[in-house]
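Scroll down for the structure; my scribbles are underneath it.
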Amino acid sequence: MSAPLFGTGAEAQYTLFELRFGEVCGHLAMTNFDDVLANTPLNVALIEGHYPADEFILVDGVVTALPPKPGPGWVLNPETVEWIDMRDPEAEHEGRRAAASMSRSDFLLAAIRAGIIPPEDAGQRRAEKSRRRCGCFRRVPGGVAA
């Protein structure tokens, strides 16, 4: 059994980086270095210190800070340490269009709430105008309301 790290008995922090892409795959905090080595999987780089997975990557054996992620839909290229835009412009446009569309009644209610049109103009007049334009409503038998 080996002596505690630094002779203090305090736990040392380690970050495990996956070797293929350099991404953080775990953290260890132990006092005994033999235990650290026993708990380190193969094909993993063991680096002293605590490095958050969303902020750092291992490039050619050097811990490198990631540039800020521009937004959702961006994917990191671990070879160049640059963000790649993987968004589909067509899908985004369709999503915005679907979110912006609404039924006629929802539109009228929103227009009334916003004060764009008065409630009395929200629908009744349009129906009356349609009846006046359509000849079949002029020939309704007596006693039937058009």
Side-chain angles (χ1 to χ4, degrees), residues 1-138 145-146:
M1 183 170 183
S2 67
L5 292 172
F6 312 116
T8 63
E11 289 185 338
Q13 300 281 323
Y14 290 92
T15 302
L16 304 173
F17 288 90
E18 186 266 334
L19 289 176
R20 185 169 177 210
F21 296 112
E23 297 171 335
V24 173
C25 61
H27 295 93
L28 294 174
M30 297 180 178
T31 56
N32 188 307
F33 191 68
D34 291 338
D35 293 340
V36 171
L37 292 177
N39 286 288
T40 302
L42 297 175
N43 298 321
V44 169
L46 178 68
I47 305 292
E48 189 171 354
H50 182 83
Y51 298 98
D54 57 345
E55 297 176 19
F56 294 93
I57 191 169
L58 191 68
V59 179
D60 297 326
V62 178
V63 177
T64 305
L66 291 175
K69 187 174 184 178
W74 291 74
V75 177
L76 180 71
N77 179 347
E79 293 175 4
T80 62
V81 192
E82 293 178 349
W83 295 102
I84 300 170
D85 187 1
M86 299 298 286
R87 297 173 295 172
D88 180 8
E90 288 294 319
E92 283 191 16
H93 174 70
E94 187 60 33
R96 283 193 300 274
R97 191 172 83 54
S101 66
M102 59 175 69
S103 67
R104 182 177 187 279
S105 58
D106 289 341
F107 173 78
L108 290 174
L109 289 172
I112 291 169
R113 270 184 263 144
I116 296 170
I117 60 172
E120 58 271 8
D121 288 347
Q124 196 60 20
R125 281 189 175 167
R126 183 171 187 222
E128 290 171 6
K129 288 177 185 175
S130 295
R131 285 189 196 120
R132 276 188 257 135
R133 275 190 235 129
C134 182
C136 63
F137 287 114
R138 290 190 210 127

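Predicted model only: the values in this text are computed from it and were never measured.
- Interatomic distance, L46 CG to T15 OG1, rounded to the nearest 0.5 Å: 8.5 Å.
- Among all heavy-atom pairs drawn from A45 and L58, the shortest one is CB-CD2, 3.5 Å.
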Criterion side chain to side chain contact (heavy atoms under 4.5 Å, CB included) on L19 and V44, from CA distance to verdict: CA-CA 5 Å; L19 289 176; V44 169; 5.6 Å; no

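- W74 approaches K69 most closely through the heavy-atom pair O-CE, 3.1 Å.
- Looking at I112 and I117, their side chains come closer than 4.5 Å, going by heavy atoms from C-beta outward.
- L108 CG to R113 CZ: the interatomic distance, rounded to the nearest 0.5 Å, is 10.5 Å.
- Between Q13 and H27 the shortest side-chain heavy-atom distance does not fall below 4.5 Å.
- Closest heavy-atom contact between N39 and P41: O-CD, 3.4 Å.
- Summarising the geometry, atom OG1 belonging to T64 is positioned 8.0 Å from atom CG belonging to D60; distances are rounded to the nearest 0.5 Å.
- The structure places CD of E79 at 8.0 Å from CZ of F21, a figure rounded to the nearest 0.5 Å.
- No more than 12 heavy atoms of other residues, nucleotides or ligands sit less than 6.0 Å from atom CD of E90.
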Side chain to side chain contact (heavy atoms under 4.5 Å, CB included) assessment of V75 paired with W83: CA-CA 5 Å; V75 177; W83 295 102; 5.6 Å; no

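- Counting heavy atoms from C-beta outward, R20 and N43 have side chains that stay 4.5 Å or more apart.
- Between F56 and Y51, the ring planes are perpendicular. Angles over 60° get that label, and only those under 30° would be called parallel.
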Step-by-step side chain to side chain contact (heavy atoms under 4.5 Å, CB included) determination, V81 to L66: CA-CA 7 Å; V81 192; L66 291 175; 4.1 Å; yes

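- In this structure, CD1 on I47 lies 12.5 Å from CG on L28, to the nearest 0.5 angstrom.
- Distance check: E23 CD to L76 CG gives 7.0 Å after rounding to the nearest 0.5 Å.
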